[in-house]
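A short write-up of the structure that comes next.
Residue numbering restarts at 1 for every chain, and letters A, B, ... go by the order of the sequence lines.
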Amino acid sequence: MAKIKYVEFNGTVHEIEVSKGLSVMEGAVQNSIPGIDADCGGGMSCATCHVYINDSEWFNKLPEKEMGEDDMLDQAYEPKSNSRLSCQLIVSDELDGLTVHMPEKQV
Amino acid sequence: MIKTDVVIIGAGPTGLFCAHQLGIIGLKCEIVDNLDKIGGQCIELYPDKPIYDIPAVPQCTGEELTNNLIEQIKPFNFNFHLNDRVQELKNENNKWIVKTSNGKEFETPNVVIAGGVGSFEPRKFPTKSAEIFDGKTVLYSIKDKTIFKDKSVVIFGGGDSALDWAIELSNSSKVTLVHRRDEFRGAPSSVQKIKELSKSKKIELITKYSMNEVKGNGSIESVEIKSESGESKTIKADYVLGFFGLIMQLGPIAEWGLNLNKKTIPVNTESFETNKKGIFAIGDICTYPGKLKLILSGFHEGALAARGCFKYARPDEKYRFEFTTASSAIKDRLGVKE
Ligand SMILES: Cc1cc2nc3c(=O)[nH]c(=O)nc-3n(C[C@H](O)[C@H](O)[C@H](O)COP(=O)(O)OP(=O)(O)OC[C@H]3O[C@@H](n4cnc5c(N)ncnc54)[C@H](O)[C@@H]3O)c2cc1C
Ligand code: FES
């Protein structure tokens with residue numbers, strides 16, 4: 001288990017214990033946290049699981065983007081340089097304490 | 001008004017195989033899809049990628065799968081209505097009246113929704129100011145490229161559509177290409193070409209900027225772009241083009257009074273009927289305990305939904321289970337000689 005903090009665009013905070021091995025996206029969907037759509041179910045083909053990592057230290061600590069993630073982020077709503085696809089962030093001990101911020105909307 | 005046994009909404013793999021199953025049991029159907037081609041996600045999102053989990057097909061691409069499914073239903077001569085979106089479903093005298101955005105009307109006892117995650121739509125600029133000019137001078141696809149002749153065109157995006165149009169229009173228009181980062185996802189040869197055109201000043205290339213606002217009074221005058229650190233630039237523009245790929249929108253399906261669970265439609269697993277009699281949902285759009293969003297699951301769902309349609313299409317007949325290897329009636333429908 002790792003503690004992940006999801007912050008909705010309107011500021012609502014959800015702090016959830018997510019099992020190791022799940023993605024940050026799955027952690028949100030399984031707990032019915034609004035703001036992450038994940039239309040493709042984690043296939044890195046929809047960009048509707050887009051989140052911002054506002055803390056740059058955390059952003060740099062995350063596993064590097066795989067090929068294709070940035071291409072998909074080009075197609076997200078308001079991507080920034082601290083954007084990630086939450087379906088590509090797999091929960092591990094290293095992610096304990098991570099905070100992700102959601103964009104205003106996904107589509 | 002077209003009368004038929006079943007209207008299938010969506011020509012993805014699931015809708016196509018359901019059509020096959022309807023043909024096998026002797027029912028007619030009409031297939032509507034708002035895309036300009038058959039194949040759903042397989043053709044729109046990954047035509048060249050190999051798929052490895054279609055039963056008995058060790059490997060095939062999205063395009064090959066689609067072509068084989070089309071081939072498989074050829075004997076039935078079903079009609080496809082492409083570039084057309086099903087907009088409205090209405091019940092009249094126990095029949096469903098189905099209306100499309102192009103004004104087509106169907107009368108049918110059964111509707112099978114095989115709509116995937118909804119219909120593909122271009123992703124639009126997030127700013128409200130772009131909406132005012134949407135479809136006139138702010139465009140997400142190009143039908144007539146002659147309108148850009150000698151005009152200032154600002155193109156946003158980093159994929160093939162953005163690059164190809166920037167290259168093409170640079171011959172006859174003043175093109176500015178804006179992209180949010182330095183890397184492009186288009187074909188390497190196009191990226192190379194864009195860099196050359198930028199060097200020779202045939203196009204202006206601006207990276208690490210994105211759309212902030214479209215400006216103009218009545219007609220468009222300029223676009224303001226911003227960088228992440230807050231700098232902004234204003235570029236003169238007669239036309240603004242955005243190429244950010246496609247998003248999936250549930251669209252009109254959400255307005256038909258069906259039970260919805262997030263963006264999916266709950267069904268029973270016996271016939272894949274929804275909460276409305278004669279309306280079935282199969283493939284990615286349906287949900288039930290244990291649902292897998294896989295093509296093979298969609299095939300199974302389509303086979304059972306087809307049997308579910310039978311009882312409303314032929315209320316006076318009893319559906320009889322038959323094998324394709326053995327049934328002469330099925331072979332007749334397939335047009336194969338023994
Ligand atoms: C990159 C990627 C890789 C994948 N790899 C695999 C794999 O290896 N194996 C596997 O089994 N699955 C894979 N999938 C999933 C698979 O593609 C889907 O499960 C499958 O396409 C679902 O088929 P469908 O027919 O239900 O919907 P779709 O393929 O989504 O088709 C739905 C169609 O309905 C149309 N539509 C929607 N609403 C309307 C309307 N109102 N009017 C008219 N038309 C409408 C849409 O335009 C669309 O064409 C992958 C998906 C992606 C994105
Ligand atoms: S869930 Fe679709 S890209 Fe992450």
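By number of non-hydrogen pairs under 4.5 angstrom with chain A, the leading residue of B/K263, B/E121, B/H179 is B/K263. Note on A/Q75, A/E104, A/K80: by heavy-atom pairs under 4.5 Å with chain B, the leading option is A/Q75. Put simply, of A/C40, A/P79, A/S32, A/A47, the one with the most heavy-atom pairs under 4.5 Å next to chain B is A/P79. The most heavy-atom pairs under 4.5 Å with chain B, out of A/C46, A/G68, A/S45, A/A76, come from A/A76.
A 6.0 Å sphere centred on NZ of B/K226 holds more than 12 heavy atoms belonging to other residues, nucleotides or ligands. With a 6.0 Å radius and a threshold of 12 heavy atoms from other residues, nucleotides or ligands, B/K37 has its NZ atom above the threshold. Heavy atoms of other residues, nucleotides or ligands lying less than 6.0 angstrom from CD of A/E15 number more than 12. Around CD of B/E231, the count of heavy atoms belonging to other residues, nucleotides or ligands within 6.0 Å exceeds 12. Counting non-hydrogen atoms of neighbouring residues, nucleotides and ligands closer than 6.0 angstrom, the NZ atom of B/K193 reaches no more than 12 such neighbours.
Atom CZ of B/R181 sits about 11.0 Å away from atom OG of A/S83, to the nearest 0.5 Å.
Residue A/D37 touches chain B through its side chain alone, counting heavy-atom pairs closer than 4.5 Å. B/Q249 touches chain A through its side chain: at least one heavy atom from C-beta onward sits under 4.5 Å away, while N, CA, C and O do not. Only the backbone of A/Q106 comes within less than 4.5 Å of a heavy atom in chain B; its side chain stays farther off.
Across A/D74, A/D70, A/D71, a single residue satisfies salt bridge (Lys or Arg N to Asp or Glu O under 4.0 Å) together with B/R185, and that is A/D74.
Distance alone, capped at 3.5 Å, places no donor-acceptor pair between the A/E78 side chain and the B/P126 backbone.
At a threshold of 4.5 Å between non-hydrogen side-chain atoms, the residues A/L73 and B/R180 count as touching.
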